[in-house]
Amino acid sequence: MIRTHEAGGLRAADAGTTVTLAGWVARRRDHGGVIFVDLRDASGVVQVVFREGAPAAAAHALRNEFCVLVTGRVDPRPPGNENPELPTGEVEVNATGLTILSEAAPLPLPVDDHIEAGDDVRLRYRYLDLRRTGPARAIKLRAGANRIARRVLDERGFHEIETPTLTRSTPEGARDFLVPVRLQPGTWYALPQSPQLFKQLLMVAGLERYYQIARCYRDEDFRADRQPEFTQLDIEMSFVTQDDVIELGEAVVGALWEDLAGYRIPTPIPRITWHEAMSRYGSDKPDLRYGVELTDLSQYFAGTAFRVFAQAIDAGGYVGAVVMPGGATQSRKELDGWQDWAKARGARGLAYVVLDAETGEARGPVARNLSEAHLAGLADAVGAKPGDAVFFAASADRREAQELLGAARIEIARRAGLVDPDAWAFCWVVDAPMFERTDDGEWTAVHHPFTSPNGEWIDRFEEAPDQALAYAYDIVCNGNEIGGGSIRIHRADVQRRVFDTLGISPEEADEKFGFLLEAFKYGPPPHGGIALGWDRICMLLAGAESIREVIAFPKTRGGFDPLTGAPTPITAAQRTEAGVDAKPKTPVEVPPGTSGVAVRVEHSG
RNA sequence: GGUCCUGUGGAGCAGUUGGAGUGCUCGCCGCCCUGUCAAGGCGGAGGUCGCGGGUUCAAGUCCCGUCAGGACCGCCA
């Protein structure tokens with residue numbers, strides 16, 4: 001090393017030591033006769049003083065972010081000049097030597113912890129952005145998360161195993177990223193949406209305990225918590241029950257929060273069934289930091305003359321409500337704003353009544369349509385007090401109405417300030433449905449087609465696909481799904497019946513993932529696993545608003561990388577060589593399960 | 001594919017009902033300065049107001065289109 005010490009580590013005890021430091025000029029304060037330079041390296045900042053001689057003369061030329069080598073003696077600061085804001089504030093380095101290792105051009109992005117720049121500039125100059133304390137801390141925190149995960153899993157006998165990223169379509173149901181194959185012109189690899197099939201093959205292979213910090217690729221639109229390439233902590237285990245996987249998930253998540261957030265998660269983490277989550281919170285990933293639960297009023301409003309409600313009830317649907325505490329004080333404009341809010345998410349509107357703060361009398365446009373009796377009992381039925389507002393949703397489709405109320409619940413909590421930003425609330429959502437209807441009335445897998453029905457349904461899920469439950473579980477933190485998994489099907493007969501329900505013919509199944517079914521002919525063990533959404537978890541631990549903060553080189557919403565300029569067009573020569581436009585040769589002979597085009601898997605969730 | 005927010009020197013922001021000269025902080029360049037720590041003082045450079053079109057006597061400001069960044073819906077375990 002060309003330095004002897006780290007800048008951020010110097011303390012009063014180091015006084016008298018001659019040190020050589022290497023780092024960047026974070027700030028300079030040039031007083032003419034004396035020059036102060038804050039020298040920053042990865043460990044922190046220390047003040048360097050230039051007073052006289054050649055180093056002082058050279059120090060006048062220093063500018064922000066010059067990379068320098070400084071030699072000098074660590075001295076206690078003169079009395080009264082200590083800086084309690086800095087860990088190194090009791091000392092300073094009196095420079096006797098200065099070498100400029102490299103100069104810095106005027107900065108397009110100030111390396112300054114006080115300034116929040118736009119994403120555009122930050123990503124274009126991400127290497128400068130990451131010199132700042134906050135962004136660097138988020139990336140280092142992620143390294144810590146990786147370390148903790150490896151420690152916990154290593155202690156439990158797991159093997160870290162890499163799987164291919166040049167492969168074929170996996171059954172997650174998103175769009176694939178495709179890579180042309182020069183050696184087989186006209187054929188394409190797909191980048192894996194997850195290592196799902198490979199990890200199941202590793203269980204067939206008898207490895208028993210697998211994990212991987214795996215990069216996954218899905219060609220879908222961006223969100224604050226979604227990038228096209230993202231990372232999962234991917235885990236699979238043999239000979240386990242759902243409880244075993246959940247216990248392991250709690251061990252990993254518990255270690256992460258304890259070490260990185262200083263928070264001990266009460267265990268066991270509460271479990272809530274999927275149906276209960278939907279009926280109480282209108283979401284399959286409920287935020288349990290606050291109450292504001294939904295009320296089912298389908299019975300209560302039976303026989304109502306209000307057409308909107310009556311139609312939903314008659315169609316076997318759902319009428320429900322959610323209460324906004326103190327919502328009666330909202331202005332007409334704010335209440336109208338809720339209608340726009342509801343319309344923005346595809347609903348016709350959001351019916352409401354407000355309860356007079358003095359009398360408790362129900363008022364509002366909808367109140368006129370409801371009977372005296374229904375209005376009189378409403379407050380008790382939904383648990384509202386005078387001064388509250390009650391929002392209603394009604395639909396022939398129960399889930400649609402519940403999800404609208406669930407979204408309203410989140411918005412209510414936000415607007416009414418009910419969210420404790422320092423709170424952590426975890427839960428498992430279990431007993432997810434196996435199947436749901438597609439738009440064409442077919443069945444599709446809610447999780448993926450290898451998810452096992454639970455013990456109650458495994459022999460009879462065909463009887464009521466809409467009610468059948470799976471051994472599938474999601475872990476939720478503050479309303480974010482941070483992981484999910486399932487017990488997989490290991491019996492050929494069950495797999496065949498599931499495919500049958502999904503309308504996947506044996507030929508189709510063979511074409512899409514015959515290699516897995518082939519493997520399952522040879523004594524596959526019962527197995528299951530979980531995948532933790534690593535970017536989201538790190539985002540939550542870092543207290544960030546976007547997963548971009550915990551990704552070293554993220555992309556913008558348009559899939560563009562402002563730093564490298566990717567993606568780029570290719571030349572005609574590259575196009576020809578890659579075989580982008582080549583027609584695939586008709587395969588003469590194909591091993592089982594490897595034929596067919598890499599079409600998207602239609603019947604999976 | 002849809003809805004919404006933002007775009008003003010290198011960075012962060014202000015700019016009122018359309019009305020004379022686009023302003024502030026930081027940074028940059030020059031000079032001064034021996035105890036600062038987001039140092040200070042004096043002086044200076046730097047802007048097609050994202051781009052294109054329209055309305056108007058007059059547009060940073062209003063309208064249409066477009067590009068870029070962001071949030072959400074659709075989509076996506």
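Only this structure's heavy atoms are used, side chains among them; waters, hydrogens and symmetry mates stay out. Chain letters run A, B, ... following the sequence lines, proteins first and then strands; every chain starts at 1.
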S.K.: Please give the distance between the P atoms of B:G19 and B:G60 as a whole number of Å.
M.R.: 10 Å
S.K.: Less than 3.5 Å apart, any donor N or O on the side chain of A:Arg226 or A:Ser546 sitting next to an acceptor on the other?
M.R.: no
S.K.: Would you mind reading off the distance between A:Phe36 atom CZ and B:U36 atom P, rounded to a whole angstrom?
M.R.: 7 Å
S.K.: Could you tell me how far B:A68 sits from B:G74 if I compare only their C1' atoms? Round to whole Å.
M.R.: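 Their C1' atoms lie roughly 22 Å apart.
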S.K.: Can you measure A:Arg77 atom CZ to B:C37 atom P for me and round it to whole angstrom units?
M.R.: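 So the CZ-P distance, A:Arg77 to B:C37, works out to 11 Å.
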S.K.: Quick one: look up who B:G74 pairs with, Watson-Crick or G-U, both distances under 3.5 Å, and put none if it's unpaired.
M.R.: none
S.K.: Tell me which nucleotide, if any, is Watson-Crick or G-U wobble paired with B:G52 when both distances must be under 3.5 Å.
M.R.: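 With both distances under 3.5 Å, B:G52 matches B:C64.
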S.K.: When rounded to the nearest Å, what value does the distance between C1' atoms of B:G27 and B:C13 take?
M.R.: 14 Å
S.K.: What is the distance from CG of A:Asp113 to C1' of B:A11, rounded to the nearest Å?
M.R.: 15 Å
S.K.: Report the nucleotide, chosen from B:U36, B:C76, B:C28, that has the shortest atom-to-atom distance to any side-chain atom of A:Arg63.
M.R.: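 Among B:U36, B:C76, B:C28, the one nearest the side chain of A:Arg63 is B:C28.
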S.K.: Under 3.5 Å for both donor-acceptor distances, Watson-Crick or wobble: does B:G10 have a partner, and if so which one?
M.R.: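 Pairing partner: B:C26.
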S.K.: Pairing donors with acceptors under 3.5 angstrom, does anything connect the side chains of A:Arg29 and A:Gln47?
M.R.: yes
S.K.: So, OP1 or OP2 of B:C28: does either fall under 4.0 Å of a side-chain N or O from A:Arg28?
M.R.: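 Yes, within the criterion.
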S.K.: Could you tell me if the side chain of A:Phe435 sits less than 4.5 Å from the side chain of A:Thr444, heavy atoms only?
M.R.: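 No - every pair of side-chain heavy atoms lies 4.5 Å or more apart.
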S.K.: Say you pick atom P in B:G46 and the same atom in B:U22; how far apart are they, in whole Å?
M.R.: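 B:G46 and B:U22 have their P atoms separated by 14 Å.
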S.K.: Do other residues, nucleotides or ligands put more than 12 heavy atoms under 6.0 Å from A:Glu250 CD?
M.R.: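 More than 12 within 6.0 Å, yes.
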S.K.: Rounded to whole Å, how long is the line connecting atom CG of A:Asp284 with atom C1' of B:C76?
M.R.: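 Whole-Å distance recorded here is 13 Å.
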S.K.: Is any side-chain N or O of A:Arg29 closer than 4.0 Å to OP1 or OP2 of B:A39?
M.R.: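 Answer yes for this pair, as a side-chain N or O of A:Arg29 is under 4.0 Å from OP1 or OP2.
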S.K.: With sugar-phosphate meaning primed atoms plus P, OP1 and OP2, does A:Glu82 contact a base, only sugar-phosphate, or nothing at under 4.0 Å between heavy atoms?
M.R.: base
S.K.: Using a 4.0 Å heavy-atom cut-off across all strands, classify A:Glu116 as base, sugar-phosphate, or nothing.
M.R.: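 Touches sugar-phosphate only.
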S.K.: Taking atom types as modelled and ignoring hydrogens, do the side chains of A:Tyr210 and A:Asp234 form a donor-acceptor contact shorter than 3.5 angstrom?
M.R.: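 Yes, a side-chain donor-acceptor pair sits under 3.5 Å.
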S.K.: When the nearest nucleotide of RNA chain B is assigned to A:Gln47 and to A:Ser194 on a heavy-atom basis, which residue is associated with the more 5' position?
M.R.: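 Its nucleotide being nearer the 5' end, the pick is A:Gln47.
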S.K.: What do you reckon, do A:His114 and the base of B:A38 stack, with centroid distance below 5.5 Å and planes below 30°?
M.R.: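 By the stated criterion, A:His114 and B:A38 stack.
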S.K.: Just to be sure I understand the rule, does A:Glu92 reach a base, reach only the sugar-phosphate, or reach nothing, if contact means heavy atoms closer than 4.0 Å?
M.R.: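 Contact class for A:Glu92: base.
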S.K.: Of the nucleotides B:G10, B:C28, B:A11, which has the atom closest to the A:Asn64 side chain?
M.R.: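 Per side-chain heavy atoms of A:Asn64, the pick is B:C28.
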S.K.: For residues 25-47 of chain A, pull every pair meeting ring-ring contact (aromatic ring centres under 6.0 Å, His included), keeping only residues two or more places apart or in separate chains.
M.R.: A:His31-A:Phe36
S.K.: Want to settle it: does A:Arg27 or A:Arg218 sit nearer the 5' end of RNA chain B, counting the closest nucleotide to each?
M.R.: A:Arg27
S.K.: Taking atom P of B:U34 as reference, at what distance in whole Å does atom CG of A:Asn94 sit?
M.R.: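 In whole Å, B:U34 P lies 17 Å from A:Asn94 CG.
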S.K.: Would you mind pulling out the nucleotide paired to B:A20, Watson-Crick or G-U wobble, both distances under 3.5 Å?
M.R.: none
S.K.: Taking the C1' atom of each, how far is B:U6 from B:G40, in whole Å?
M.R.: 36 Å
S.K.: Among residues at least two apart in sequence or on other chains, which ones pass ring pair (Phe, Tyr, Trp, His ring centres under 6.0 Å) with A:Tyr281?
M.R.: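 A:Tyr281 satisfies ring pair (Phe, Tyr, Trp, His ring centres under 6.0 Å) with no residue once adjacent residues are dropped.
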S.K.: Taking only the P atom of each, what is the distance from B:C42 to B:C4 in whole angstrom?
M.R.: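 Here B:C42 and B:C4 have their P atoms 48 Å from each other.
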S.K.: Which residues satisfy the ring pair (Phe, Tyr, Trp, His ring centres under 6.0 Å) test with A:Phe198, sequence neighbours excluded?
M.R.: none
S.K.: Nearest-Å distance, CG (A:Asn81) to C1' (B:U34)?
M.R.: 12 Å
S.K.: Name the closest nucleotide to the A:Ile115 side chain, picking from B:A38, B:A11, B:U36.
M.R.: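 Out of B:A38, B:A11, B:U36, the nucleotide with an atom closest to A:Ile115's side chain is B:A11.
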S.K.: Rounded off to whole Å, could you give me the CZ-to-C1' distance for the A:Arg124 and B:G10 pair?
M.R.: 13 Å
S.K.: Pick base, sugar-phosphate or nothing for A:Pro78, based on heavy-atom distances below 4.0 Å to the nucleic acid.
M.R.: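 If one applies the 4.0 Å heavy-atom cut-off, A:Pro78 turns out to touch a base.
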S.K.: Check the interface with nucleotides 68-73 of chain B: list each N/O to N/O pair with the protein under 3.5 Å, or write none.
M.R.:
residue : atom : partner  : partner atom : Å
B:A68   : O2'  : A:Asp120 : OD2          : 3.4
B:G69   : OP1  : A:Thr556 : OG1          : 2.8
B:G70   : OP1  : A:Arg557 : N            : 3.1
B:G70   : OP2  : A:Arg557 : N            : 2.7
B:G70   : O3'  : A:Arg548 : NH2          : 3.1
B:A71   : OP1  : A:Arg548 : NH2          : 3.2
B:C72   : OP2  : A:Ala224 : N            : 3.4
B:C73   : OP2  : A:Arg223 : NE           : 3.2

S.K.: Ignoring hydrogens and angles, answer whether the base of B:C76 and the side-chain atoms of A:Arg226 contain a donor-acceptor pair closer than 3.5 Å.
M.R.: yes
S.K.: Across the strands shown, which category fits A:Asp219 at heavy-atom distances under 4.0 angstrom: base, sugar-phosphate, nothing?
M.R.: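 Nothing: the residue A:Asp219, judged by heavy atoms under 4.0 Å, touches no strand.
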S.K.: Tell me, please, which residues at least two apart from A:Pro192 pass side chain to side chain contact (heavy atoms under 4.5 Å, CB included).
M.R.: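 A:Thr165, A:Thr167, A:Tyr217.
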S.K.: Work out how far the C1' atom of B:U8 is from that of B:G50, and round it to whole angstrom.
M.R.: 10 Å
S.K.: Starting from C1' on B:G41, measure out to CG on A:Asp30 and report it in whole angstrom.
M.R.: 13 Å
S.K.: Go through the structure and list residues passing side chain to side chain contact (heavy atoms under 4.5 Å, CB included) with A:Tyr290, not counting sequence neighbours.
M.R.: A:Asp287, A:Val292, A:Arg409, A:Ile410, A:Ala413, A:Leu418, A:Val419
